[in-house]
2 protein chains.
Amino acid sequence: MDSINIKDIARLCGVGVSTVSRAINNHPDINPETKNMIMQVIKENNYIPNNSARNLKRTDSRAIAVLIKGIGNPFFSKMIRVFEEEIQKKKYSFILQRVDEHEDEVDVALELIKEKKPRGIVFLGGYFSHSKEELEQLTVPYVLSTIGMTDYSGELPDFSCVSVDDYAESYKMTDYLCKLGHEKILILTAAPDDESIGRLRLEGYKKALADNGIPPSLSLIIYSEECEECYTMDNGYRMMDRVLKEKRDFTAVYAISDSIAIGACKAILEHGKRIPEDYCVAGYDGLDIARYYNPSITTIRQPVEEMAKATIKILFDVIKNKAEHQKKVFKAELVEGESTRRVT
Amino acid sequence: MDSINIKDIARLCGVGVSTVSRAINNHPDINPETKNMIMQVIKENNYIPNNSARNLKRTDSRAIAVLIKGIGNPFFSKMIRVFEEEIQKKKYSFILQRVDEHEDEVDVALELIKEKKPRGIVFLGGYFSHSKEELEQLTVPYVLSTIGMTDYSGELPDFSCVSVDDYAESYKMTDYLCKLGHEKILILTAAPDDESIGRLRLEGYKKALADNGIPPSLSLIIYSEECEECYTMDNGYRMMDRVLKEKRDFTAVYAISDSIAIGACKAILEHGKRIPEDYCVAGYDGLDIARYYNPSITTIRQPVEEMAKATIKILFDVIKNKAEHQKKVFKAELVEGESTRRVT
DNA sequence: TTGTAGGCGTTATCAA
DNA sequence: TTGATAACGCCTACAA
C-alpha cells in the first residue's frame, strides 16, 4: 500500500501531524483557517484515514455494534433500520456484524470489542446459552434483543434483554384457535432438539391445549426435519405437504413462524383444499407478508419498532450509567387475518 | 483496555513475541511443541489478537469484501449465502459491509480497502455511476453483481460485472403478456427520476409494446411516488390501490419487482377482483414468495445462485491473474405462475 | 494554536 | 527454529 497517509498530508500542508489529526477529528483548539486549508488538501489528495490505525489507538469509539445471527431473516430487516436511525440520533456510529450460523456470537463479540472498541453491543437472533465465565469477558454493556436464551435465573449475568414472551404469546394464539372451536390443531414447529424459541412456542401450544381440556396428540406435533433453515417457506411447504399426504385429521394449523405458515398455505391450496374453510392457518411474527398474503394470515405481531427502540434506549441508559440493566418483555398483538375462522 | 496482548503471552510462555505470532498465524517454521504450548497458554488466558493491529501491519489479508446496498432485500439473502460458501471454499474470509442508502459505495470501499486490505470486492445492489477518476482509486479488483450502472462504454474502467439484461428480460415479460392477448398492460414502476434498473425495465416494457403494435399510453405507466422504499409490498399496495380507485382500464399489471406485485395483488383482491380472471399480474425477480403466493406469480426468475457463483469465480480469476475482467450477462427465466392467463 | 515524540498491538525483517 | 526490533498509521500528552 503506497497510499497517502497523515504524514504526507502534514508535509503537503507544511504543518505537524497533530494539526492534521485535529482537523480530521474536529478538535476545538485549531485555527479555522488552518483547518480549512488542511481539509482542502485532504480532499484534493483523496486522503482517507486508516481505520485500523485509529481503532488501535483510540479508546473512545462512539460506536454501537449490532451482531446479527440470521441476516436475511425478514423479521430483522425492520429492526436494523430502527437501530440505525436511533443510533444515528445519538451521534454514534453503527457497526453491523454478521454472525455465521455456526459461529459463537460471544467469540465474535470479543473479537470485535478488541478491534473496534464499541461502547455497547446488541445481540440479535440466534440462541444465547453461554457460561457465566464466558459472558464475564464481555466488558462492554450489551442487550439481547429478540433472542432465545437459557434461563439464567440462578445468578444472572449482567445484561439486558428485550423480547416478547414466546411462551405466553404462543399460548395466546393456540388458545385463540381453541376458542374458535378447533380441537385438532396441528403445530408446525422447529426440530425436536430445538432449545430456543421453537421449544418455547411449542410449550405454549401444549399448555393452551391442556387448559382448554384438549388432550395432547403426538401426531399433531410436526417437527421440522432440519435445523438450519427451519423457519422458511420451503420448510413449511415440505412439512405441510408431508402431513397432507398422510391424511391426518385436523382442522387448524399453527405454524411457529409466518414463513412456515405461508409455505403451509401453499401446500394446502395445492392439495385442493381451501383456507380457512377446510383448514385454518395461523402464523407468528407479524411480517408484512402475513398481511399481504391471500388469504391474509392470522398472526402474532411483535412490536418490532418499539422493541428496537427500547433496545437502544436501554443500551444507552446503561452506557451513560443512567440505569441498571433490565429485562423488558413486550406484549405482542394477535392480528386476526382471513386465514382463520370459527368452527362449530 | 487492560486486556491481555501478545507480549503478555510471550512472557507467560517464556518465548519471544515473534514466536507467538508464528504460532497464531500457522507459520511453517515453528517447532510443533512450542506451538502447542503457546496455543495452550493462549486458550487458558482467553487471548484474542487485536484485529486492528493485525490489519494495520499485514499486507496479506486473504479476505473478500462484499458491499451491499439494501440489505434486507430478500433477493440478496440468497446471494450472500452463496458468496459466503464460495469464499470459504477458497479459504478466504468473508467481510460483509452494509452500505447505507445515502452513502457512496465507492467511498465505503475506499475506506475498507485501507482498513482491511481485502484482495477483492463485490458490489451488490444500488446504482453505480461514478467518475472514472473515482473508480481508479479502487486499487483492488472488484465485481459489480446485479447492480444497475451507467453505460461506461466509452472508456470503460477496469472491472467486471455480472447481471441479467434488465431491458431484455423486461421486454420478455411484456412481450409474453402481449402474446397472451393483453393490450392494456399497466406497469408499476420506480420513481420517474430513477436511472437504474427501474428505467431499464420500463424501457423494455415500452419497446415490447411498440413491437407488438400497441400504442403507448401514459395513463398505464404508474410511477412510484417515493424513491426510497419503492420496491416494497407496501408501495405496490399503495400504487395499485390508487389506480383501482381511479377506475382505469387495463387487463394486466406488470410490476417491476415481485414485492410490488404482491402488494398489487392484495389491493386487487381487496377491491373484490380476481386474479387472473379480472386482472393478470406479473412480477420480476423470482423470489421464493412468488412461487408461494396465492395465486403464484408469473415472474422473471434471475439465476441467483449461478450469478453469485460466477461473481466469485470471476473475482478470483482476476485476483489470481488467470483472466481479464469481464462482463457476464445471464439469461433469466420467465416462470409462468397462476397469476396470468390468456385473454381473447 | 501548533509541533514533537512515544506508544497502541501486531507482523516482517534480519540476525543469531 | 527462534528473538529483538523496526515499521504500520494514527492519536495524544507534553512542550513550545
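Lettering follows sequence order; numbering is per chain, from 1.
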Asker: Starting at atom NZ of K35(B), determine the distance to atom P of dT2(D), rounded to an integer number of angstrom.
Answerer: 12 Å

Asker: Over all strands shown, is D29(A) touching base, sugar-phosphate only, or nothing at heavy-atom distances under 4.0 angstrom?
Answerer: base

Asker: Show me the protein contacts with nucleotides 11-14 of chain C, counting only N or O atoms at under 3.5 Å.
Answerer:
from: dT11(C); atom 1: OP1; to: N25(B); atom 2: OD1; distance (Å): 3.3
from: dT11(C); atom 1: OP1; to: N25(B); atom 2: ND2; distance (Å): 3.0
from: dT11(C); atom 1: OP1; to: R54(B); atom 2: NE; distance (Å): 2.8
from: dT11(C); atom 1: OP1; to: R54(B); atom 2: NH2; distance (Å): 3.2
from: dT11(C); atom 1: OP2; to: S21(B); atom 2: OG; distance (Å): 2.8

Asker: Taking side chain to side chain contact (heavy atoms under 4.5 Å, CB included) as the criterion, tell me which of I113(B), I64(B), V66(B) meets it with I121(B).
Answerer: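 With I121(B) as partner, I113(B), I64(B), V66(B) yield a single side chain to side chain contact (heavy atoms under 4.5 Å, CB included), made by I113(B).
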
Asker: Any donor-acceptor pair under 3.5 Å linking the side-chain atoms of N51(A) with those of E111(B)?
Answerer: yes

Asker: Which residues pass the salt bridge (Lys or Arg N to Asp or Glu O under 4.0 Å) test with E195(A), not counting sequence neighbours?
Answerer: R199(A)

Asker: Tell me: CD1 of I4(A) to C1' of dG9(D), nearest whole Å?
Answerer: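 Taking atom C1' of dG9(D) as the reference, CD1 of I4(A) is at 13 Å.
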
Asker: Does NZ or CZ of K114(A) lie under 6.0 Å from the centre of the six-membered ring of Y47(B), at an angle within 45° of the ring axis?
Answerer: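 Here K114(A) fails the 6.0 Å and 45° test against Y47(B).
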
Asker: Regarding K322(B) and the six-membered ring of F316(B), is the cationic atom NZ or CZ under 6.0 Å from the ring centre and inside 45° of its axis?
Answerer: no

Asker: Rounded to whole Å, please give me the gap between CG in L56(B) and C1' in dG7(C).
Answerer: 12 Å

Asker: Whole Å only: how far is the NZ atom of K114(A) from the P atom of dG9(C)?
Answerer: 8 Å

Asker: Taking for each residue the nucleotide of DNA chain D bearing the nearest heavy atom, is the 5' side occupied by G16(B) or by N5(A)?
Answerer: G16(B)

Asker: How is T34(A) classified with respect to the nucleic acid when contacts are heavy atoms under 4.0 Å: base, sugar-phosphate, or nothing?
Answerer: sugar-phosphate

Asker: Tell me which donor-acceptor pairs under 3.5 Å the side chains of residues 68-86 of chain A have, and how far apart each pair is, sequence neighbours excluded?
Answerer:
from: K69(A); atom 1: NZ; to: E103(A); atom 2: O; distance (Å): 2.9
from: K69(A); atom 1: NZ; to: E105(A); atom 2: OE1; distance (Å): 2.9
from: N73(A); atom 1: OD1; to: F75(A); atom 2: N; distance (Å): 2.8
from: K78(A); atom 1: NZ; to: D288(A); atom 2: OD1; distance (Å): 3.3
from: E84(A); atom 1: OE1; to: R98(B); atom 2: NH2; distance (Å): 2.6
from: E84(A); atom 1: OE2; to: R98(B); atom 2: NH2; distance (Å): 2.4
from: E86(A); atom 1: OE2; to: K89(A); atom 2: NZ; distance (Å): 3.0

Asker: Round to the nearest Å and state the distance from E111(A) atom CD to dG9(C) atom C1'.
Answerer: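 Distance check: E111(A) CD to dG9(C) C1' gives 14 Å.
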
Asker: Roughly how many Å is it from NZ in K117(B) to P in dT10(C), rounded to a whole number?
Answerer: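 Distance, rounded to whole Å: 15 Å.
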
Asker: Under 4.0 angstrom, heavy atoms only, what part of the nucleic acid is I30(B) near: base, sugar-phosphate, or nothing?
Answerer: sugar-phosphate

Asker: Return the value, rounded to whole Å, for the distance between atom CG of N55(B) and atom C1' of dC8(C).
Answerer: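 It works out to 14 Å between those atoms.
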
Asker: Measure from CD1 on I9(A) to C1' on dG3(C) and round the result to the nearest Å.
Answerer: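 Distance check: I9(A) CD1 to dG3(C) C1' gives 17 Å.
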
Asker: Ignoring hydrogens and geometry beyond distance, is a side-chain donor-acceptor pair present between N25(A) and R54(A) at under 3.5 Å?
Answerer: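 Short answer, yes.
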
